[in-house]
Amino acid sequence: MGEAMASRYDPQAAEPKWREAWADAELFKAKSPADAGDAPKAYVLEMFPYPSGRLHMGHVRNYAMGDVVARHKKAKGYNVLHPMGWDAFGMPAENAAMERGVHPGDWTYQNIAAMKAQFAKLGLSLDWSREFATCDPDYYGEQQRLFLKFMEKGLVYQKKAKVNWDPVDNTVLANEQVVDGKGWRSGAPVEQRELVQWFFRITDYAEDLLEEVQKLERWPEKVRTMQANWIGRSEGLQMRFPIVGQVPEGQDSEIEIFTTRPDTLFGASFIALSPDHPLTIKMAADNEDLEAFRAECAKVGTSEADIEKAPKLGFDTGMKVVHPFRPEETLPVYIANFVLMGYGTGAIFACPAHDQRDFDFARKYDLPILPVVKPADKDAASEHWVSSGDGDDMSAAYTGPGTIMNSEFLDGKAIDQAKSVAITKIEEMGLGEGTVNYRLRDWGVSRQRYWGCPIPVIHCDDCGIVPVPEADLPVELPKDVSFDKPGNPLVHHPTWKNCTCPKCGKPAQRETDTLDTFNDSSWYFTRFASVDDPEERAYWLPVDQYVGGVEHAVLHLLYARFFTRAMRDVGEVDLPSGEPFAGLFTQGMVTHETYKSADGGWLQPSEIEADGDGWIERESGKPVTVGAIEKMSKSKKNTVDPDNIIVTFGADTARWFVLSDSPPERDVEWTQSGAEGAARFVQRVWSVFNTLSEATDPGASSDSDAAIALRRVSHKAVQAIDTAIEEFRFNSAIATVHEWTSALKKAEQGGDDVLSARFEGASMLARCLTPFMPHLAEECWSLIGGEGLCSAAAWPVVEDSLLVEDSVTLPIQVNGKRRAEISVAKTASKDDIEATALNEPAVKAFIDGKDIKKVIVVPGRIVNIVV
RNA sequence: GCGGGCGUGGUGAAAUUGGUAGACACAGCGGACUUAAAAUCCGUAGGCCCUAAUCGGCCGUGCCGGUUCAAGUCCGGCCGCCCGCACCA
């Protein structure tokens with residue numbers, strides 16, 4: 001029996017074939033600025049992956065989105081840079097080394113190879129010629145050179161700082177690695193330890209980072225707000241309160257505080273120091289009670305719930321300070337657990353009447369509460385104090401707007417005005433100055449870890465800290481390390497850290513800390529732009545469209561913004577604004593239902609099968625509970641392996657589905673039936689082209705109504721898809737493709753007069769499908785004899801005349817309710833439309849015998865008759 | 001507590017400047033083709049009421065109110081959910 005003519009599209013055969021064709025044509029290689037001609041540039045980038053070894057559906061969605069943008073830009077004539085690489089340093093490699101005895105480097109490069117093979121199957125338009133991994137010595141050597149340049153510029157310093165210390169693993173943990181006060185790996189309670197750490201002066205750029213982030217119009221509002229809150233600017237007064245009486249030798253005679261409410265200075269009732277304030281520590285040295293109090297404060301957990309419940313704790317030092325405006329008055333100095341050492345100066349003045357925390361504290365320790373702000377409206381006043389007598393009647397602190405009272409020279413002023421008057425006065429008295437305080441703190445970059453970029457400095461007993469000379473870079477990680485001892489293998493290595501001082505030649509020691517891996521991802525996009533050509537770097541930067549998860553809204557995206565500024569200021573990159581990413585899109589996650597077996601364990605989707613309305617375990621037949629729809633994760637076993645999907649349906653189906661159902665910024669739920677639906681659609685599209693492949697394009701277009709109608713559908717669809725892609729509304733673009741395909745399918749019933757319009761539509765459809773389903777588009781393109789490769793073809797040109805209709809259908813409302821529809825010429829005048837509408841039988845039924853009060857005619861939109 | 005976002009059918013969602021609410025898809029239902037199945041194609045679908053059926057009517061975008069000829073969209077006030085930050089002075 002002869003083989004029947006193929007009536008189905010076979011992705012398994014077609015997809016590899018077309019990828020090979022693209023590779024042969026070097027289609028996705030970015031052109032150098034010199035070769036680009038007049039084409040504008042478009043740098044499209046997705047956040048590069050950590051090489052865990054397996055691609056997951058979240059990757060597929062992320063890279064599919066970037067690919068839509070990159071391929072669309074290419075079709076629109078841009079010179080596109082769309083590179084890929086590996087964020088390759090990090091803890092999982094060391095954990096693998098500890099658990100399985102593999103070298104972190106071997107483990108990482110094996111994972112890269114495995115993932116690259118998976119990447120290849122997705123049909124992404126990537127320029128692999130610029131690939132690198134951040135653990136390549138070439139890359140981190142360059143990072144070390146940048147570090148030294150930053151150091152020269154004064155952007156790097158060392159200081160003692162508190163860190164999270166895991167006493168079992170003997171290492172510092174990042175804040176994210178501390179879960180409920182315990183180490184995420186060891187489960188041991190984390191201790192606070194003081195260690196000498198390296199810091200970047202990101203706070204030098206706080207103002208600029210804050211100001212500029214507001215101007216990034218192509219960033220999501222949410223991310224801009226999160227960064228602004230993280231930087232946390234507040235204007236206020238930094239001032240000193242003189243301590244009354246004799247102070248012990250070597251101790252400051254003043255206490256410096258920061259406040260945003262200098263207008264309430266007359267309401268001050270005490271001073272509070274942080275338990276970690278240097279003065280507190282000094283006093284505690286010879287005061288057992290105070291030391292015990294400090295220990296008590298340290299016990300309170302750091303989790304949100306703990307802080308919520310934590311009562312206000314205080315310790316009276318017996319010390320007093322002088323009130324600046326009322327020298328005869330003194331204020332007691334307390335140690336209070338709610339005062340943080342990490343913000344401002346670690347000390348505050350308290351005005352209980354107008355700050356809830358101060359209020360709670362004052363109530364507990366029976367301190368005066370003196371109202372100095374009179375609320376603007378009576379309701380607010382009565383809520384906060386029962387009668388206008390003395391402050392004891394207050395029920396809560398009043399923090400709203402109002403007028404200053406009980407405050408001598410500030411009386412009667414509005415809060416803002418009072419603030420500036422108070423600041424000026426304190427400045428005149430020489431007790432302080434108006435300042436701006438940021439929540440943002442300098443970036444601690446030291447990690448006591450092996451698998452990271454070594455910090456390129458040498459410690460010499462005589463010369464102190466000496467930078468490694470540029471000629472000696474990169475400072476490479478030693479290959480022969482062991483992980484059998486806890487702690488940093490670089491410290492345990494027998495010889496690596498021994499060296500000679502570049503300055504004096506005496507024996508010296510290398511820094512054994514490595515850089516936080518966020519450094520690696522803070523400048524990789526500049527390296528993609530060019531390894532060593534500053535002009536090419538300047539040509540590509542900034543990234544025009546960056547795509548990634550919102551989980552990086554603060555850390556990565558803030559560090560990168562700092563890095564490009566620092567690089568600019570040391571002359572490493574020509575980027576005046578300092579902004580690395582002109583456009584940012586944060587995509588949603590891929591979620592999936594979760595399943596639990598009768599004994600409570602999680603089950604994989606593949607372990608269950610349908611049974612009537614419910615689900616049962618495939619093996620045992622036991623009932624399965626369907627749980628919440630959650631982010632795909634190994635622990636909940638609700639992952640779907642992209643490789644399996646590609647084998648079953650093809651890459652195009654996977655790409656299509658993750659983009660089709662939800663708006664890109666929202667989560668999308670992976671469902672088997674949804675994927676099957678996408679696969680069905682692939683066949684449907686293919687059949688449109690397969691049917692045409694048996695016909696010949698007559699070339700000249702008929703002007704029959706049916707042909708023109710079909711052409712209108714096609715041209716409007718191209719237009720709609722174009723804008724939808726530009727606005728990141730991929731789900732809308734996909735809906736349009738569905739409608740368009742149905743119209744082409746229907747046209748198969750038409751006669752020869754629509755044949756040309758069908759060919760035109762198909763040719764346009766193939767090109768519009770390319771960003772989403774590039775393999776299928778290519779196959780379809782070849783079925784209708786398209787010229788060259790579809791992935792290289794230009795975006796279809798729309799004929800404007802086909803976008804506007806000759807006649808329009810208008811709904812007719814009577815009193816705002818739709819009663820009829822009329823069809824009128826596009827050019828019809830308002831009067832004509834009104835006359836036609838009033839003559840419509842369905843309308844007459846509602847207006848007969850009534851007074852027409854008004855007729856609103858919005859041409860092209862609607863008619864509303866008011867009776 | 002502060003900041004941001006969201007609330008529309010059984011489900012995911014459309015509706016771009018106020019102008020026919022529910023496009024498109026998933027699941028469902030009905031039908032065609034088939035010996036049968038798969039595959040494919042076509043149709044149907046917010047709720048309630050009236051009717052034998054058609055026709056028709058009313059209600060409907062979290063709740064209450066407002067502006068307007070017209071509100072998912074704008075304004076005021078509530079309720080609920082999600083995300084981020086959080087004793088930040």
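Only heavy atoms go into these numbers, but all of them, side chains included; no hydrogens, no water, no symmetry mates. Protein chains get the first letters and strands the later ones, always in sequence-line order, with residue 1 at the start of each.
- Between the side chains of A:W670 and A:T591, not a single donor N or O lies within less than 3.5 Å of an accepting N or O.
- You'll find that the side chain of A:Y343 is closest to B:C88, out of B:G43, B:G19, B:C88.
- Cation-pi check for A:K312 over A:F338 is met; the charged atom lies under 6.0 angstrom from the ring centroid and within 45 degrees of its normal.
- The gap from the P atom of B:A27 to that of B:A39 amounts to 11 Å, rounded to the nearest Å.
- Remark: the separation of the P atoms in B:U73 and B:U16 is 13 Å, to the nearest Å.
- Backbone-only engagement by A:S662 is indicated by non-hydrogen atom pairs under 4.0 Å involving sugar-phosphate atoms exclusively.
- Residue A:R666 is in sugar-phosphate contact alone, with no base atom involved, counting any heavy-atom pair closer than 4.0 Å across all strands shown.
- Backbone-only contact: A:G677 has heavy atoms under 4.0 Å from sugar-phosphate atoms and none from a base.
- Ranking B:U20, B:G19, B:G84 by closeness to the A:M226 side chain, first place goes to B:G84.
- For A:K853 against B:C69, a side-chain-to-base donor-acceptor contact under 3.5 Å is absent.
- The gap from the C1' atom of B:A53 to that of B:C64 amounts to 41 Å, rounded to the nearest Å.
- Nucleotides B:A13 and B:C24 are separated by 8 Å at their C1' atoms, to the nearest Å.
- Remark: aromatic rings of A:F361 and A:F270 are close, center separation under 6.0 Å.
- The same atom, C1', is picked in B:G60 and in B:U20; the two are 15 Å apart, to the nearest Å.
- B:C41 sits 34 Å from B:G56 when the C1' atoms are compared, rounded to a whole Å.
- Taking every side-chain heavy atom of A:V339 into account, B:A89 is the closest of B:A89, B:A23, B:G84.
- The base of B:U20 does not come close enough to the side chain of A:Q813 for any donor and acceptor atom to sit less than 3.5 Å apart.
- Between A:A720 and A:V550, the residue whose closest nucleotide on RNA chain B is further toward the 5' end is A:A720.
- Comparing A:E676 and A:K745, the nucleotide of RNA chain B nearest to each residue sits closer to the 5' end for A:E676.
- Side-chain contact of A:R684 with A:S742: a donor-acceptor pair under 3.5 Å is present, judged by distance alone.
- Going from the P atom of B:G62 to that of B:U11 covers 14 Å, rounded to whole Å.
- Applying the 4.0 Å criterion to OP1 and OP2 of B:A86, one finds that A:R439 has a side-chain N or O inside that range.
- Here the nucleotide nearest the side chain of A:I862, chosen from B:G4, B:G19, B:G84, is B:G19.
- Environment of CD in A:E235: sparse, with no more than 12 heavy atoms of neighbouring residues, nucleotides or ligands closer than 6.0 Å.
- More than 12 heavy atoms of other residues, nucleotides or ligands shown are found within 6.0 angstrom of NZ on A:K364.
- Of the candidates B:A14, B:U20, B:C69, B:C69 carries the atom nearest the A:V866 side chain, counting heavy atoms from C-beta on.
- Rounded to whole Å, the separation between the C1' atoms of B:C88 and B:C79 comes to 31 Å.
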